[in-house]
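The next block holds one structure in the form of structure tokens; read it before the comments.
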Amino acid sequence: MFGVDFEIQQNHYSQHPYLEAVESSFRIFLMRVFKPWLAVDPFYTMSGCKARVRKNRSIQKEFMKSIIDEVERKIFEENVNFIDSKTEEEIPFLERVLRDRLDPSSTKNPQNSMTDKELLHEMVGHEVERKIFEENVNFIDSKTEEEIPFLERVLRDRLDPSSTKNPQNSMTDKELLHEMVGVLNAGIDTVTFTTSIVLIVLAVHPQIQQEVYHELQDVLGDSPDSAPTYDQLQRLDLLTRVIKETMRLFPAAPVIARSAPYEVQCGDYTIPAGATIGIFIYGLHRHPQLWNNPNQFDPDRFLPSQSSHRNPSGYVPFSLGPRGCIGSKYAMLQMKTTISTILRRYKILPGDKCKSLQDIRFEFGMTMRSLPGNDIRIEPR
């Protein structure tokens, strides 16, 4: 998401401190939902939950800062590499010194660059720094919008002198950290859960898996090593329907909450203004009034001919309306990329314990959680 690879899966698997902090915070949130006495602050504090949440926030904040530091280092390195393309004669003495400070190797070895005291007599120092940043921004402008991740775009914007002079044009540190935590936390369990369930579903429906594989060959070609393009992913109609039907049966966010802005009459019940409403998406997606044979897996439900007659509010895996998931398109691209890559290299077979949809084990929480026993086998193609 942020253009940084810390090789977390290789080095930590699922025991990374950030992941554990998120898991802990989710559990504590649910405890406060189902144990009303923990909503009372003194009891909440005495339980130790408050201290754990504070620690979890600190861990998440530090991890986000490490991502920001890595992206900033990348920006500075690109700036230095860009400057290296200039000849020595093209760079004035002071500008060369200030550019040297942007070089991470000089930062790590301060003795390699001049001190502030040695530069104080140079009254144009700030103007030269502005010139360096402007050149860096102009260099980045040569990149297409798609090549720059969200975080990098925000940080590069801060290097733009016009944004620096008008702070309201760029995000604050607090706003940026909140956005990063929100986007990352929302995409950890949801995409992981859905991707794994899709693989199980394809394992227990070998005919559908074979049809998906043929579609992948037709659209992406025979080589399993070629990366799919955006346009190719959009043409994977059957795979898209398989993912959508999986999210119908196993929505990664099984429950969402809304606040009633005004009094609502719902059947025999009156929902007062200001009340919090829990919407059980899992039940909605399996409601017999909306779906024929609701517990059966059928990707053809999402053919245009069938979808056009369906109530659009009957299928909401990414929620709906102004508070709908902002990452829905990104999530679909990520899942299609991952699943297509796996299927082009491996045939997915049922595991020893999970041989049908009824064998899939899960639990409800902030998100749907896969339980032990959801196994598959893979066979190289």
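Relative orientation of the His285 and Trp291 rings is perpendicular, given thresholds of 30° and 60° on the angle between their planes.
At distances below 3.5 Å, at least one donor-acceptor pair connects side-chain atoms of Arg361 with backbone N or O atoms of Pro372. Under a 3.5 Å cut-off, the side chain of Arg301 and the backbone N or O of Asn292 do form a donor-acceptor pair. At distances below 3.5 Å, not a single donor-acceptor pair connects side-chain atoms of Thr195 with backbone N or O atoms of Thr192. The backbone N or O of Leu202 lies less than 3.5 Å from a partner atom in the side chain of Gln209, making a donor-acceptor pair. Panel note: side chain Arg369, backbone Asp189; no donor-acceptor pair is recorded below 3.5 Å. Judged by distance alone, the side chain of Glu245 and the main-chain N or O of Phe302 form no donor-acceptor pair under 3.5 Å. Put simply, the side chain of Ser24 never gets that close to the backbone of Glu20: no donor and acceptor are under 3.5 Å apart. No donor-acceptor distance shorter than 3.5 angstrom exists from the side chain of Glu152 to the backbone of Gly3, with no hydrogens or angles considered. Judged purely by atom type and a 3.5 angstrom limit, Gln306 uses its side chain to pair as donor or acceptor with the backbone of Asp300. A donor-acceptor pair under 3.5 Å is formed between the side chain of Asp375 and the backbone N or O of Cys354.
Within 6.0 Å of CD in Gln265 there are more than 12 heavy atoms belonging to other residues, nucleotides or ligands. Counting heavy-atom neighbours within 6.0 Å of Met46 CE, excluding the residue itself, gives a total of 12 or less. Environment of CZ in Phe2: crowded, with over 12 heavy atoms of neighbouring residues, nucleotides or ligands closer than 6.0 Å. At most 12 non-hydrogen atoms from other residues, nucleotides or ligands lie less than 6.0 angstrom from CZ of Arg323. Other residues, nucleotides and ligands contribute at most 12 non-hydrogen atoms within 6.0 Å of the CD atom of Gln9. Other residues, nucleotides and ligands contribute only 12 or fewer heavy atoms inside 6.0 Å of the CZ atom of Arg57. Enclosure of atom NZ in Lys355 by more than 12 non-hydrogen atoms of other residues, nucleotides or ligands within 6.0 angstrom is indicated.
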TODO: Start with the C-alpha gap between Gln217 and His214, add the side-chain angles, then the distance that decides, and say whether side chain to side chain contact (heavy atoms under 4.5 Å, CB included) holds.
DONE: CA-CA 5 Å; Gln217 287 189 308; His214 288 321; 3.8 Å; yes
- [ ] Before giving the answer on side chain to side chain contact (heavy atoms under 4.5 Å, CB included), spell out for Ile342 and Ile339 the whole-Å C-alpha distance, their side-chain angles and the decisive distance to 0.1 Å.
- [x] CA-CA 5 Å; Ile342 294 172; Ile339 296 166; 5.8 Å; no
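Residues satisfying the salt bridge (Lys or Arg N to Asp or Glu O under 4.0 Å) test with Lys50, not counting sequence neighbours, are Asp41. With sequence neighbours excluded, the residues that form a side chain to side chain donor-acceptor pair (under 3.5 Å) with Gln60 are Asn185. Asp268 pairs by the salt bridge (Lys or Arg N to Asp or Glu O under 4.0 Å) definition with nothing, not counting sequence neighbours. Applying the ring pair (Phe, Tyr, Trp, His ring centres under 6.0 Å) criterion to Phe297, with sequence neighbours excluded, gives His205. In this view, Tyr18 and Phe63 satisfy the ring pair (Phe, Tyr, Trp, His ring centres under 6.0 Å) rule, not counting sequence neighbours. In this structure, the ring pair (Phe, Tyr, Trp, His ring centres under 6.0 Å) partners of Tyr282, at least two apart in sequence or on a different chain, are Phe280, Phe362, Phe364.
In this structure, Arg248 fails the cation-pi test against Tyr315, since its NZ or CZ atom is not both closer than 6.0 Å to the six-membered ring centre and inside 45 degrees of the ring normal. Both cation-pi conditions hold for Arg286 and Phe250: the charged atom is under 6.0 angstrom from the six-membered ring centre and inside a 45 degree cone around its axis.
Minimum heavy-atom separation, Ala275 to Ile271: CB-CG2, 4.0 Å. Between Thr246 and Thr194 the shortest heavy-atom distance is CG2-O, 4.4 Å. In plain terms, the two heavy atoms of Ile59 and Pro17 that are nearest each other are CG2-O, 3.7 Å. In terms of heavy-atom proximity, Ile281 sits nearest to Ala253 at CD1-O, 3.6 Å. The shortest heavy-atom contact between Leu349 and Glu379 is CD1-OE1, 3.8 Å. Between Ile277 and Ala260, the shortest heavy-atom distance links the atoms CD1-CB, 3.9 Å.
No single ILVMFWY cluster, assembled from side-chain heavy atoms under 4.5 Å apart, contains both Val191 and Phe26. Criterion: ILVMFWY side-chain heavy atoms under 4.5 Å apart, direct or through other members. Under it, Ile279 and Phe318 are part of a common hydrophobic cluster. Residues Val255 and Phe29 are members of separate hydrophobic clusters, defined by side-chain heavy-atom contacts under 4.5 angstrom among Ile, Leu, Val, Met, Phe, Trp and Tyr. Tyr230 and Ile243 fall within the same hydrophobic cluster, defined by Ile, Leu, Val, Met, Phe, Trp and Tyr side-chain heavy atoms under 4.5 Å apart, directly or through other members. Note on Val204 and Tyr213: separate hydrophobic clusters, where clusters join Ile, Leu, Val, Met, Phe, Trp and Tyr whose side-chain heavy atoms are under 4.5 Å apart, directly or indirectly.
Under the side-chain contact (heavy atoms from CB on, under 4.5 Å) rule, Asn374 has a single partner from Asp359, Ile200, Leu199, which is Ile200.
The line from OG1 of Thr338 to CG of Leu333 is 10.5 Å long, rounded to the nearest 0.5 Å. Distance check: Met64 CE to Leu151 CG gives 9.5 Å after rounding to the nearest 0.5 Å.
The pair Asp222-Arg344 fails the salt-bridge criterion, with no side-chain N (NZ, NE, NH1 or NH2) lying under 4.0 Å from an Asp/Glu carboxylate O.
Considering only heavy atoms from C-beta on, Ser319 comes within 4.5 Å of Arg258 through its side chain.
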